[in-house]
Amino acid sequence: MRLPKGFQFSQGSLQDFFDCRRRFFLRYIQQLAWPAVESEPMLENERFTQQGINFHKMIHQHLIGVPADRLSSFAFKDDLENWWQNYLDLYNRLEFAKQTAIYPEITLSSPMGNHRLIAAFDLIFRQRDNTFVIYDWKTNRRRPPRVWLERRLQTRVYPFLLAKAGGFMMDGKPIPPEQIRMVYWFANFPLEPEIFNYDEKTYHADQKYLAHLVETIEHAAEDNFHLTDDARMCQFCVYRSLCERGIQAGIASDEESMENDIITLDDTFLDFDQIAEIPF
Amino acid sequence: MSALKLSTDQIHLIESSPDEKIFLEGIAGVGKTTAGVERLLFLLAQGIPADSILLLTPQRTLAKPYIDALLIPGVSAGGQVSVVTMGGLARRMIDLFWPVIGGQVGFSHPDSPPIFLTLESAQYYMAQVTAPLLQQGLFESLVIDHNRLYSQIIDNLNKAAVVGFPHAEIAERLKNAWNGEPGQMHIYDDAQECANRFRTFCLEHNLLDFSLQMEIFTRHLWNLTQCREYLIRSYQHLLADNIEEDTPIVHDILRQWIPQFRSSLLIFDLDGGYRRFLGADPQSAYSLKELCSTQFEFQDSYISTQPVTALENSLSTILKPQETAIKTLNPSIERYHPKTALVHGYFRFYPEMLDWVAKQVKQLIQDGMPPGEIVILAPYLSDALRFSILQRLDNLNIPCVSHRPSRSLREEPVTQCLLTLAYLAHPQWGKSFQVTKFDMAYALMQAIAGMDLIRAQLLAGIVFHNRQGNLQLTSFSIINPKMQERITLRLGEKYESLRIWLETYQQEPPQELDHFISRLFGEVLSQPGFGFHSNIKSGEITANLIESIQKFRWAAGEYLSETGKSIGMEYLEMVRQGVIAAQYLRSWQPESEDAVLVAPAHTFLMYNRPVEIQFWLDIGSRGWFERLYQPLTHPYVLSRRWLVGKPWTDAEETATNQETLYKLVKGLLRRCRQKIYLGLSVLGEQGYEQQGALLTTFHKLFQQWQSEGEN
Ligand code: SF4
């Protein structure tokens, strides 16, 4: 299947393919605007998303030198105040600023098949012992379990791309996968981060897995982009009227609980042996 | 480096040391951007971190060759090159450093986030500020559409910001240059008053239009140590293309910034300056040359074939006899007759000419020309002209794309259907709008699949009631059975679902207008049996409408809640007045890769991409050389090149027009490889005979050729 000119793979688009091939086709190949409701309640979700965006921005501002006391006055409402305080505690504990180098809001990309794979990181920092930590700020209302995070493409794509494309942070030398750690930090559960250590074996497994996934997409014929068998996905997908998979959007909190126990995905394109080898 | 065949000069430039400060100049088509792209790839291949490279262009379209090059898999793994315009960078920096700068600049609420205005939302606020003044009699002597008035006042503010003078001096500068009736000068004072009030209003409400963004960045943030250090730390290499199309304030920043970069490449098009009406200043751009230790000038055209170059020579000699014909390294150019680069069709009526254009395009494609290698250009592209051409091409199954969709968002039947239904669903909005039976019938035609105009009118005639402004839809079930049969039960059932959905909605608290439309779209109109189901175009237009409403809500929501007005109703009112949704801004528009482009000539120049074939339409139009009528602003007087206090005379106007035409013709020809097709008609689009300077120039050229033939 010919992907649009300039198309780049990301953890989001790969996750879409993983969740529903049809969605990938409609969203990225046909680039179809279909402005139905994704999840309910709309206004509350919009506010929540906006708060998440503001939270990410405030951390970015803080890490490039805007004083925390100037920023704190912007964290005056709803969850943001709490999140911000939790972040400041983390900051004081971990002292990001004392690391060798910090890279907030950085984008890395690497060739992958006939395209590029791209990822936007919330924060990467290099410690004095030349280990690298990826931080991803999460504002989930509920703390997802490790097994769910483990299955997310993000958990594979981020450390892989850092190892593959982060050499410039290591004075031009490749970063050994053993020196990479990925941390999901939850603003609502600041003392329960989820940490994934990376290693050479996982790196090679990810490389093979992602290359295979990209190749599958690049070579799939249109009728291979079929509708998901898991109709629950459709409750939280804007294309549901187009696919004739329902009328109303699902409730957002249900979405999280649903996502937490996704097990019956269509992953016939995966190399199961390969996954089994990955020591999460 | 890519497999392109490059000249020695190009290779020399590209492979210069990564510490070099380079200035590259040349006319269009000599391979400057190609060298720029290759230089970028060379730096990356040398291990320069991509995220330390800043790529600056005056507008996004001009960065396309670089973006395309960066997307190829061959580019090594690493960070991301920052591709920006100075306006985009300014906005990003304000957003990041707002907590530090907001209070210093004079905003009333520095502890609340800034609200960045789009052109559309700036127009909205300008209308809010200006409308009461209009009622008091400002601009009384001026007959002009209000929206054009707002946009010219905004334009003045933008000019002050990008040229770098205080916005309070706008009227003074314009008055000093005014050469007409003294009684008319007060309109500049009126415009100044509106600009001042708008600025104060923005400061009071944390609103940042483009002019304020640029002013804050250049006057405050650039001088703020934290911000400047952040920028200098982030970027060590600069590539700036088409600097001649950028504004003097950008050049001022670069003048200070270039010494801080490890390397820089500035690219200057000797014939450029097409964006003068937006404040472009080639002269100030050129002055940056002195900061660069290495200088290159490229001369060999990679684009135009000899006949096109010969045509350029012939036209240039007529347009500017005082200037020598362009230099060409090929002395045999004389051997090529410009005639071979020109095809023309001459007709009495305009539609005949358009038919001819469509036929020629078809023929070219049949002969193997890729559609993407053909452009159809006119000085201004009216909606009617764009529609006529696109429709003709469409009828011949020719893939085509315009720089704008064929209709503005507010004119789209899909938009009108959605807004009619929104109005019906919100009786609390009062009786401010007229919804007629016709509107209802058209809405039903869009909303229900298979509903034709006759049935829609029949149905609307029966079920739609407007009782002194109270709108009501009655049930299909109470219509007499014969009529039900005529309308058909299938259509009746869909109508009934829609009616019940709207009725149910009204029983709950009203939602934001964009949320309402999203829900209406997903739960009804895009479901099977309704008009938007599987209709890609409807989805796209609905998405654009939702985005427009959402942006309006984010920009004006707080202000409106202070005034107690409903956002949805205000949006509808602004659409009706043409203040918003009248532009052609669409974010959801997949790019067509191989399609005939239909665009105004200046827009095409800003795509900076050569093509094989150009069609020029409307060549009798004065639009090829004359400025738009803009009584409240003046791009030349409000530029840094104009001596403050000097009057603008007819002589200046004539000279400027001549220069504009000369540059435009050269710019187009230098972006054409094979042939120009001229579509000529005795009567123009409006049905009048036209005798513009470009037409006269071609007449002279044809006469020359005729006399050559006779000799
Ligand atoms: S509605 Fe369901 S099947 Fe259709 S694209 Fe979305 S998830 Fe896939």
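To find a chain, count down the sequence lines: A is the first, B the second, and so on, and within it residues start at 1.
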#### Entry: Partner chain A: residue of B:P49, B:G539, B:P99 with the largest heavy-atom pair count (under 4.5 Å)
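Most heavy-atom pairs under 4.5 Å with chain A: B:P99.
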### Query
Picking from B:P73, B:S52, B:G522, which has the most non-hydrogen pairs under 4.5 angstrom with chain A?
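That would be B:P73.
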Heavy-atom contact with chain A under 4.5 Å, split by part of [X]:
X      : answer
B:S76  : backbone
B:V75  : both
B:N535 : backbone
B:L96  : both
B:E523 : both
B:E512 : side chain
B:I517 : neither
B:L70  : backbone

### Message
If I measure from the heavy atoms of chain B, does A:L43 come under 4.5 Å with its side chain, its backbone, both, or neither?
### Response
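Answer is both: backbone and side chain atoms of A:L43 are under 4.5 Å from chain B.
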For the residue pair [Y] / [X], report whether a side-chain donor-acceptor contact shorter than 3.5 Å exists.
X      : Y      : result
B:H533 : A:E244 : yes
A:S241 : A:W34  : yes
A:Y198 : A:D206 : yes
A:E218 : A:H115 : yes
B:Y571 : B:S566 : no

### Message
Tell me whether A:Q51 contacts the main-chain N or O of A:L80 through its side chain, where contact means a donor paired with an acceptor under 3.5 Å.
### Response
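At least one qualifying donor-acceptor pair exists.
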### Task
Taking only Lys NZ, Arg NE, NH1 and NH2, and the carboxylate oxygens of Asp or Glu, determine whether B:D68 and B:K64 approach each other closer than 4.0 Å.
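B:K64 and B:D68: salt-bridged.
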Looking at [options], which has the largest count of heavy-atom pairs under 4.5 Å with chain B?
options                       : answer
A:S110, A:P111, A:G65         : A:P111
A:M58, A:E40, A:K57, A:R116   : A:R116
A:L117, A:V238, A:N114, A:N54 : A:N114
A:S109, A:S73, A:G246         : A:S109

### Query
So which heavy atom on B:S112 is nearest to which on B:N206, and how close?
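For B:S112 and B:N206, the tightest heavy-atom pair comes out as O-ND2, 3.0 Å.
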### Task
Report the C-alpha distance between A:R47 and A:E44 in whole Å, list the side-chain angles of each, state the deciding distance to 0.1 Å, and finish with yes or no for salt bridge (Lys or Arg N to Asp or Glu O under 4.0 Å).
CA-CA 5 Å; A:R47 282 203 196 113; A:E44 199 187 313; over 6 Å; no
### Residues that B:S497 engages under side chain to side chain contact (heavy atoms under 4.5 Å, CB included), provided they are two or more places apart
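B:F530.
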### Task
For residues A:C234 and A:Y239, determine if any side-chain heavy atom of one lies less than 4.5 Å from a side-chain heavy atom of the other.
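No, every pair of side-chain atoms sits at 4.5 Å or beyond.
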### Cation-pi geometry met for B:R91 and B:F116 (6.0 Å, 45°)
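The answer is yes; both the distance and angle limits are met.
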### Task
Anything in residues 158-174 of chain A with a heavy-atom distance to chain B below 4.5 Å? Please list those residues in order.
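Residues of residues 158-174 of chain A touching chain B at under 4.5 Å: A:K164, A:A165, A:F168.
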### Query
Does the side-chain contact (heavy atoms from CB on, under 4.5 Å) test come out yes or no for A:L210 and A:F9, once each step is laid out?
CA-CA 10 Å; A:L210 293 168; A:F9 287 101; over 6 Å; no
